2 protein chains.
Amino acid sequence: MTAASKTVSDVIHSHFGTLTRAEKQLAESLLDNYPVSGLGSITTIAENAGVSTPTVVRMVQKLGFKGYPDFQAHLHQEVEATISNPIAKHDRWASNAPGTHILNRFADAIMGNLRQTLSALDTATFDSVASLLSDRKRSLYFVGGRITGALAEYFFTHMQVIRPNTALLSSNSSSWPQYVLNMNPGDLLVIFDIRRYEQEMVSLATAARKRGAEIVVFTDQWGSPAAKLARHTFRIQIEAPSAWDSSVVTLFIVEALIEAVQSSTWDETKERMKTLEGLFEQTRLFRKLS
Amino acid sequence: MTAASKTVSDVIHSHFGTLTRAEKQLAESLLDNYPVSGLGSITTIAENAGVSTPTVVRMVQKLGFKGYPDFQAHLHQEVEATISNPIAKHDRWASNAPGTHILNRFADAIMGNLRQTLSALDTATFDSVASLLSDRKRSLYFVGGRITGALAEYFFTHMQVIRPNTALLSSNSSSWPQYVLNMNPGDLLVIFDIRRYEQEMVSLATAARKRGAEIVVFTDQWGSPAAKLARHTFRIQIEAPSAWDSSVVTLFIVEALIEAVQSSTWDETKERMKTLEGLFEQTRLFRKLS
DNA sequence: CGCACTCTGAAAATTTCTTTTCATGACAGT
DNA sequence: ACTGTCATGAAAAGAAATTTTCAGAGTGCG
């Protein structure tokens, strides 16, 4: 049969010479953005190509398919093959490891998370947050929950090197009021709150807002309740083949932000880092001597 | 509205709780081999899922779509996005972002790091470390440096939930001797030490070895000096288009290890987690009452 | 110019898909 | 045990999609 092992695209190409004007027009419309353009109904693709539906029927029959549904079934198969086996999906990331090894399954999941998160992420949001973080007139406060506390700490540690006026709120909420007390209008509170949202985050966000602080929230696709109070929100895909959620993509965004801030204020940062290096050296030297 | 920017998969997940038995069955059939399984007609997918066509209609409406055609149109869009934007064609990860946006450059770098790290990683090492971490007769100690301290904390927080006898050494080295004092032969010390290796890590590793402890080191491609004393070493690719090194892949390995440990000791862990849940509930209740 | 031929899309006919209606059965609360 | 509610699928009704028919337009050729 004509369309047995060859792809639909191949079949179209091989018959291209025998096609009529309207059919060629249709064929080109199909090959343009192939194979997705053939996903819709016969009416849709006829309209897109600017031809009539009978033309579509005649062509697919000329190509050797039984009818439009048959044609489309073949296309679906191809789409499936393309999707379930994209170059991205390495059947084996780690050499010698079976495709089902936890490392490989994790790698697949993380790549999927990264792709989904990035395609849903608005770069304007990213750039705005980066510029808020860069503004040295604003003090920065970081806070995370039980699990995400480590991410807040990681973010804080870097920002503390890059610029002054940064603080890390302990994940224990009892000390929060003192920090809120010190917040000034325009200060920035960065909240990490993912699934198993912590009720106290909403209280903290509310209090911070009352003091005039801006809020940035890192949360998952379902959204922390604190996100409602936020100026900017990062919704991150966190699913992993695990009983736990994955923070890998969150860390990715954090690192990208760190770099964005660092490069946008490099002149000021350079001096700070030099000074800091010197301080570390002194400490080391001091210990050796003692 | 509901299905504006979120993917169909997201929408299904977020509504999953409110779905009925037949609808859940359908949802799972759709998510299995997503999104290709939703390409056919309503009749086809109903048959594949083993439910009736009205069930399909009811579910997609419950999910916020106008009807099956609307649902399918969204799916088609996603398929298109997936196909015309594969990772292989990684010039644009985030839609709307120019190829040179920091997010895209970072994504490329992380992809490369992940691939290189995994292809160099021996799965036997991974499995051995997972089994060492699972062994409840061994106490676990985690330690990190200035930057990697957050990773150690992240690892520790999870392991602490999964099993008893875990400790986090503060990144301040003055308290380390007390921990070393308590180490017994067979105990496991997990060290994070990447570029700008901290001299004290070697001292710590040496002291721990003298006490008979096993050592696992997470380091970069150049290798921490402490790695010489380690039973197992993870050499991780950490380069990023940034003034800072990237911890994303390190976190990836950590999460994969957490899952490996968790799943290998699920029976024992299950009980612990239930108890822990209860304790959290009590704490919350306590706060509310007070 | 006229004839024969092919290509093309409008419209009708047909088939298939989608939605609605409704009867049945399961189940929780009284 | 009774009653109300909900989930479910069979079947009918309704809406599209697909295919066929057919007439007009264009083209090549004598």
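Below, chain A is the first sequence line, B the second, and so on; all start at residue 1. Model, not experiment: these values are computed from the prediction.
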Whole angstrom is fine here: how far is it from [atom1] in [X] over to [atom2] in [N]?
X       : N      : atom1 : atom2 : answer
A/Ile42 : C/dT14 : CD1   : P     : 18 Å
B/Lys66 : D/dA15 : NZ    : P     : 12 Å
A/Glu47 : C/dG9  : CD    : P     : 13 Å
A/Leu26 : C/dT8  : CG    : C1'   : 13 Å

- Got a salt bridge between A/Asp245 and A/Arg195, using NZ or NE/NH1/NH2 to carboxylate O under 4.0 Å? yes

- Message: With nearest nucleotide decided by heavy atoms, which residue, B/Thr20 or A/Thr53, maps closer to the 5′ end of DNA chain D?
- Response: B/Thr20

- Query: Regarding A/Ser174 and A/Asn172, is there a side-chain donor-to-acceptor distance under 3.5 Å anywhere?
  - Reply: yes

May I ask you to evaluate whether [X] reaches the phosphate of [N], defined as a side-chain N or O under 4.0 Å from OP1 or OP2?
X       : N      : answer
A/Thr55 : C/dC7  : no
B/Gln25 : D/dA7  : no
B/Arg58 : D/dA7  : no
A/Gln61 : D/dT20 : yes

- Query: Can you name the closest pair of heavy atoms from A/Ala230 and A/Val217 and give their distance?
  - Reply: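 A/Ala230 and A/Val217 have their closest heavy atoms at CB-CG2, 3.6 Å.
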
